[in-house]
Amino acid sequence: MLSATGVWKYHGQFPALLNVSIEAQPGSCLALLGRNGAGKTTLLRILAGLSSASEGQVRVFGEEPRSPRARRRIGYLGHGIGIYDELTARENLIHFGRLYRVGDPAATADRWLERVGLGRVPDARAREFSRGMRQRLAIARAFLHEPEMLLMDEPFTSLDDRAIALLQSVIREAVAQNRCVVLSTHQLREALELASDVALLDRGKLMFAGPRTAAMVADPGSVYAAFE
Amino acid sequence: MTGVLAVVRKDLLSELRGKEGINASVSFALVILLIFSFAFEPTDTDVRKLSGGLLWIAFAFAGALLLNRSFAREIPNDCLDALVSSPIRGWELFLGKALASFLLLLGVELLCLPVYGIFYNVRWAKVFWPLMLVLVLGTWGLTVLGVSFSALTVNLRLRELMLPLLLYPALSPALMSAMILTTALLGGEAIFGATAGINTAWLRMLTGFDIIFTALSVALIEYVLVL
């Protein structure tokens with residue numbers, strides 16, 4: 001489903017990723033772990049087709065990540081919420097529904113607004129929303145087209161309790177539906193509760209890749225300690 | 001075309017609600033026209049020969065303000081990432097952005113034309129349709145190049161400064177053609193047909209500029225957006 005083989009990425013002369021290889025299968029949740037500057041965001045952006053690898057090969061559903069067919073099957077939630085402040089919640093979702101060629105963008109937008117608890121304020125502009133409401137709208141945007149693969153960059157950062165519960169619920173549901181989730185985070189506890197697999201990056205190098213174990217959940221700090 | 005229309009719809013809606021670009025652009029164009037009308041005697045025949053040029057100077061400066069917003073509008077909340085990671089093709093994104101900016105800029109120009117007519121004592125209405133042709137061709141050239149450079153400079157902190165620096169030198173063939181054709185039209189000359197003379201060549205140059213830079217921008221936009 002997802003494979004990155006021998007991926008290098010240079011920012012000028014600085015190597016942000018050094019020969020990284022990972023794989024993810026349907027029905028799995030891969031947690032990309034690592035401290036700040038480890039290369040998690042760089043790798044995730046390459047997987048999402050937002051940046052190109054300097055060397056190495058990336059395949060998503062057997063295709064280049066930039067191919068429109070691959071992108072139609074990917075949902076991406078980055079650092080920013082990717083929501084237009086001047087548009088209403090409903091207009092935002094309809095806009096992205098059109099971009100993803102969703103069958104009935106208006107009905108799908110309404111369904112997701114209900115799902116994320118914004119069904120009562122569909123016509124309010126996003127700029128009028130609280131931080132938590134904006135984050136829930138961003139979750140709806142990423143899941144709107146029912147992607148087979150979800151790429152999420154620090155999805156739990158600065159989420160309120162309600163948004164964390166919602167995100168965990170939709171991620172669990174996606175994995176149960178045999179979809180693949182890749183999330184980068186340095187919030188170990190939330191990530192390890194959801195993850196089936198773990199990849200640890202340190203200064204651009206892949207230190208570990210394998211299944212998540214019960215010991216990791218019991219003592220999240222041990223993941224870093226074992227490879228330092 | 002679904003992606004093109006989605007981007008056009010979204011950009012027009014965002015701009016018409018926020019009005020940041022439109023307000024700045026209209027005000028700037030009107031101020032330039034007003035200042036030039038103070039600087040020159042509008043009834044003087046020689047000055048009226050320059051009035052086509054003055055009009056396009058106002059449009060080019062006002063256009064840069066509007067075109068800068070084309071991709072800069074995607075920066076808040078990292079909307080550009082959400083857009084580029086969607087399955088929209090590079091050419092759809094570019095054409096959507098260009099069409100929305102073109103419509104907005106043409107609207108600004110049409111608002112300025114009556115003011116221009118009054119300040120410079122120019123009867124542009126009698127050559128409305130040929131003038132519209134020049135406006136459409138000149139504005140499309142300005143838009144295509146402006147949107148391309150807006151994409152190129154979107155991640156720069158000094159993008160408001162960089163866009164005009166890149167735009168005006170590259171735009172000079174189109175700007176020169178549009179200025180000459182506008183002045184010719186307002187002076188009672190034809191711009192196509194047997195009596196048009198050299199004006200036909202300027203019209204061809206403007207059309208060629210539009211075609212070449214539209215094709216180049218459509219072909220290269222993907223490389224500009226994904227590094």
Side-chain angles (χ1 to χ4, degrees), chain A residues 9-11 41 44-54 60 64-88 91-92 94-102 105 125-127 129 134-135 137-138 141-142 144-145 147 149-151 153, chain B residues 1-24 66 69-97 99-100 104 151 154-155 218-227:
Chain A
K9 178 70 180 180
Y10 290 94
H11 295 309
T41 297
L44 214 61
R45 288 180 66 81
I46 291 171
L47 299 178
L50 291 169
S51 176
S52 54
S54 305
V60 181
E64 293 278 341
R66 281 305 298 162
S67 95
R69 274 191 303 185
R71 277 185 280 156
R72 197 165 293 138
R73 298 163 78 179
I74 296 174
Y76 176 75
L77 186 58
H79 279 292
I81 57 173
I83 291 296
Y84 296 97
D85 287 336
E86 295 300 337
L87 302 189
T88 67
E91 286 166 349
N92 265 294
I94 290 175
H95 170 64
F96 282 100
R98 287 188 182 123
L99 293 183
Y100 280 92
R101 315 285 204 269
V102 169
R125 290 194 201 176
R127 71 161 64 249
F129 284 178
R134 289 156 68 83
Q135 287 160 339
L137 185 57
R141 178 193 58 75
L144 182 76
H145 58 291
M149 176 177 294
L150 282 143
L151 304 173
D153 194 3
Chain B
M1 287 301 281
T2 315
V4 177
L5 293 177
V7 174
V8 171
R9 198 179 286 129
K10 188 271 296 172
D11 271 14
L12 289 179
L13 203 55
S14 296
E15 185 54 50
L16 293 174
R17 283 199 184 142
K19 294 189 182 67
E20 286 176 47
I22 285 190
N23 285 349
L66 201 61
R69 297 266 313 140
S70 181
F71 274 90
R73 189 177 291 124
E74 307 293 337
I75 293 174
N77 301 335
D78 283 348
C79 288
L80 190 59
D81 279 355
L83 196 57
V84 175
S85 65
S86 80
I88 190 169
R89 290 175 169 83
W91 65 265
E92 290 180 299
L93 176 57
F94 174 79
L95 286 183
K97 290 263 167 209
L99 273 172
L104 291 168
V154 68
N155 291 316
V218 162
L220 297 176
I221 193 73
E222 188 83 19
Y223 300 101
V224 172
L225 291 174
V226 181
L227 298 174

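Each chain gets a letter, A, B and so on, in the order its sequence line appears, and its residues count up from 1. Here the structure is a predicted model, which means the values were calculated and not measured.
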Point-to-point distance, once rounded to the nearest 0.5 Å, from CZ of Arg98(A) to OG of Ser86(B): 13.5 Å

Under 3.5 Å: donor-acceptor pair, side chain of Arg71(A), backbone of Ser85(B): no

Region of Arg141(A) in contact with chain B, defined by heavy-atom distances below 4.5 Å: side chain

Contacts of type ring-ring contact (aromatic ring centres under 6.0 Å, His included), residue Phe71(B), not counting sequence neighbours: none

Sub-4.5 Å side-chain heavy-atom contact between Asp81(B) and Arg45(A): yes

Which atoms of Ile74(A) approach chain B - backbone, side chain, both or neither, heavy atom under 4.5 Å: neither

Throw together a table of side-chain donor-acceptor distances under 3.5 angstrom for residues 77-88 of chain A, partners on residues two or more places apart or in other chains.
unit_1: His79(A); atom_1: NE2; unit_2: Thr41(A); atom_2: OG1; d: 3.4
unit_1: His79(A); atom_1: NE2; unit_2: Asp153(A); atom_2: OD2; d: 3.2
unit_1: Tyr84(A); atom_1: OH; unit_2: Glu74(B); atom_2: OE1; d: 2.4
unit_1: Asp85(A); atom_1: OD1; unit_2: Arg134(A); atom_2: NH1; d: 2.9
unit_1: Asp85(A); atom_1: OD1; unit_2: Arg134(A); atom_2: NH2; d: 3.4
unit_1: Asp85(A); atom_1: OD1; unit_2: Asn77(B); atom_2: ND2; d: 3.1
unit_1: Glu86(A); atom_1: OE1; unit_2: Arg125(A); atom_2: NH1; d: 3.4
unit_1: Glu86(A); atom_1: OE2; unit_2: Arg127(A); atom_2: NH2; d: 2.4
unit_1: Thr88(A); atom_1: OG1; unit_2: Glu91(A); atom_2: N; d: 3.0
unit_1: Thr88(A); atom_1: OG1; unit_2: Glu91(A); atom_2: OE1; d: 3.4

Partner chain A: residue of Leu83(B), Val84(B), Ile88(B) with the largest heavy-atom pair count (under 4.5 Å): Val84(B)

Top of Glu15(B), Glu92(B), Arg89(B), Arg9(B) for chain A proximity - count of heavy-atom pairs under 4.5 angstrom: Arg9(B)

